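Whatever order the structure lists them in is the order used to number ligands and atoms, beginning at 1. This is a predicted model, so every value here is computed, not measured.
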Amino acid sequence: MREIRFTSLVFLLGLVVAGCGERVEPPPPCEIGLVESIDVERVLDHLRVLSVDIGPRVASSPEEREAAEYIAGELERLGYEVEIQSFPRAGISARVEVLEPEGLRIYPAFGRVEGMSGADYPLFTPEGGVRGRIVDCGEGACPAEVEGQIALLTPGEASADERVLAAAEAGAAAAIVHGPTWRRFAASVEAPSIPFVTVNLDTGEAIREAGEVEVALHIIWNESSQNVIATRPLEGVEDAPIVIFTAHYDSVEQAPGASDNGSGTAGMLELARVLRDVPVGVELRFAAVGAEEVGLVGSRYYVRELPDEERSRIIANFNTDMIGTAGEDQVQLFVNTLDGDNLVAQSARAAREQLGYPEELLRAPYQRGASDHVPFHDAGIPAANFIWRDPETIALEPWYHHPYDTFDRVSSERLRTALRIVLGSAVQVICESPEEGAPSAN
Ligand code: BES
Ligand code: ZN
């Protein structure tokens, strides 16, 4: 008897808990007011993980992979169907794995090699990389102890070419050449005989200050990268129109890629959160694409691999790229398209007006490619890239593609404004119009 009573009590309690669970949150309606749900603190949390904890996310690097896993985990947690889509990538990558001391991070570029390409390049490192101690050669000749080790070179009077060749003659197994300033540094060397990479001045100085440094230097050809694709199908509708948000999450070498494009990626994750339960008239997709910085490789692969039937269902692509810069002159949000005034540009203007932003906040459309909206446009899909620029000179922030593209140079206000416009634009396209029961452009 006691036992039965106890069981029913547990059952009743279960009902109460389940009941509470169901009552918690009704899905928000699909309307412009959704922009109020954007939580910039969450965007900053994602951005911190991508640009501070993980750091530079060069195409095909372990850090790019780590970022993909983080993004996939976040989208899965939100309840989306998530796929990590791997793709091959032809290209050379350089990586310096720091074995000692702990905490020192070296993000190199691959120094360009004149007259050599692809599989002919003779300097690819063996499995495990070229391991050695870093020996500082400064601007002069390398000391004898460089034999079998890794030379750290400062190009002064002599060019990077001459320095690398001289280090090889002195017996160095590989070289790290640093540049003259904080800017990203990539030297071009003709016919080098040892593997070498380049870093900026700050990294060169950090290596010197660290004293005893041991590394494994890797130069690798032909690797893979990956896209992360999250989908929310429109329940019960097989042939629903698709709206796809994209953002590249890789960065160039030596740059933590906070603005380019941790900002767009983190922002897209927040849009996925805001939209996850909203009743929409379309299938929603969110694609974090890899290897953009080496030629839009991930987005091209994604679009190319889509079955024709799916590709033809895509009605719009919203690409967020550099949506949070704190650059003082980058005060206009550009909506870059390749086909003039398309559906996305029109919906961006409508959103700007509905949200009460001044006309000069937005330039839509502006003719420009150079990001992941290009492959969608090429497939005949209305696509646009959202990016902050200087309205006078069209310039991006001065630290674009440089080591100072860091978390502290991102503005939460710009992130919020850009995301409100992007979501407000998407609302024009994804919210089912009651009369026609179909998505509409206005
Ligand atoms: N986010 C940047 C820059 C960008 C995007 C500039 C959209 C203008 C419009 C992007 O990651 C980038 O650096 N693109 C490259 C070209 C790409 C094909 C390698 C560029 O503009 O140099
Ligand atoms: Zn870039």
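In summary, D341 and R349 engage in a salt bridge, as defined by a charged side-chain N under 4.0 Å from a carboxylate O.
Contacts of E293 with ligand 1, taken as heavy-atom pairs under 4.0 Å, involve both backbone and side chain. Residue N336 touches ligand 1 through its side chain alone, judged by heavy-atom distances below 4.0 Å. Contacts of H401 with ligand 1, taken as heavy-atom pairs under 4.0 Å, involve the side chain alone. In H373, neither the side chain nor the backbone holds a heavy atom less than 4.0 Å from any atom of ligand 1.
Of the listed residues (G369, S251, S259, G264), the one carrying the non-hydrogen atom nearest atom 9 (C) of ligand 1 is G369. When D321, I387, I323 are ranked by how near their heavy atoms come to atom 1 (N) of ligand 1, first place goes to D321.
The main-chain N or O of S159 is found under 3.5 Å from a side-chain atom of E162 such that the two form a donor-acceptor pair. In terms of modelled atom types and a separation under 3.5 Å, the side chain of S251 and the main chain of R57 share a donor-acceptor contact.
Close approach of ligand 1 to N385 is summarised as follows: ligand atoms under 4.0 Å from at least one heavy atom of the residue are 7 (C), 9 (C).
Coordination check, H401 versus the Zn ion (ligand 2): passed, since an N/O/S atom of the residue sits under 2.8 Å.
Remark: of the listed residues L296, D260, N319, D260 is the sole one forming a side-chain contact (heavy atoms from CB on, under 4.5 Å) with H248.
With sequence neighbours left out, R184 forms a side chain to side chain contact (heavy atoms under 4.5 Å, CB included) with V252, E253, Q254, H401, H402, P403.
Polar contact with ligand 1: absent for S371 (N/O pair, distance under 3.5 Å).
Distance from atom 20 (C) of ligand 1 to its nearest protein heavy atom, with residue and atom name: Y400 OH, 3.4 Å.
Taking the six-membered ring where the residue is Trp, F318 and F245 present parallel rings, their angle staying beneath 30° rather than reaching 60°.
Rounded to the nearest 10 degrees, the angle OD2 (D260) to the Zn ion (ligand 2) to OE2 (E293) equals 90°.
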task: Go through R313 and E238 one step at a time and tell me if the salt bridge (charged side-chain N to carboxylate O under 4.0 Å, His left out) criterion holds.
output: CA-CA 10 Å; R313 283 197 284 132; E238 292 269 294; over 6 Å; no
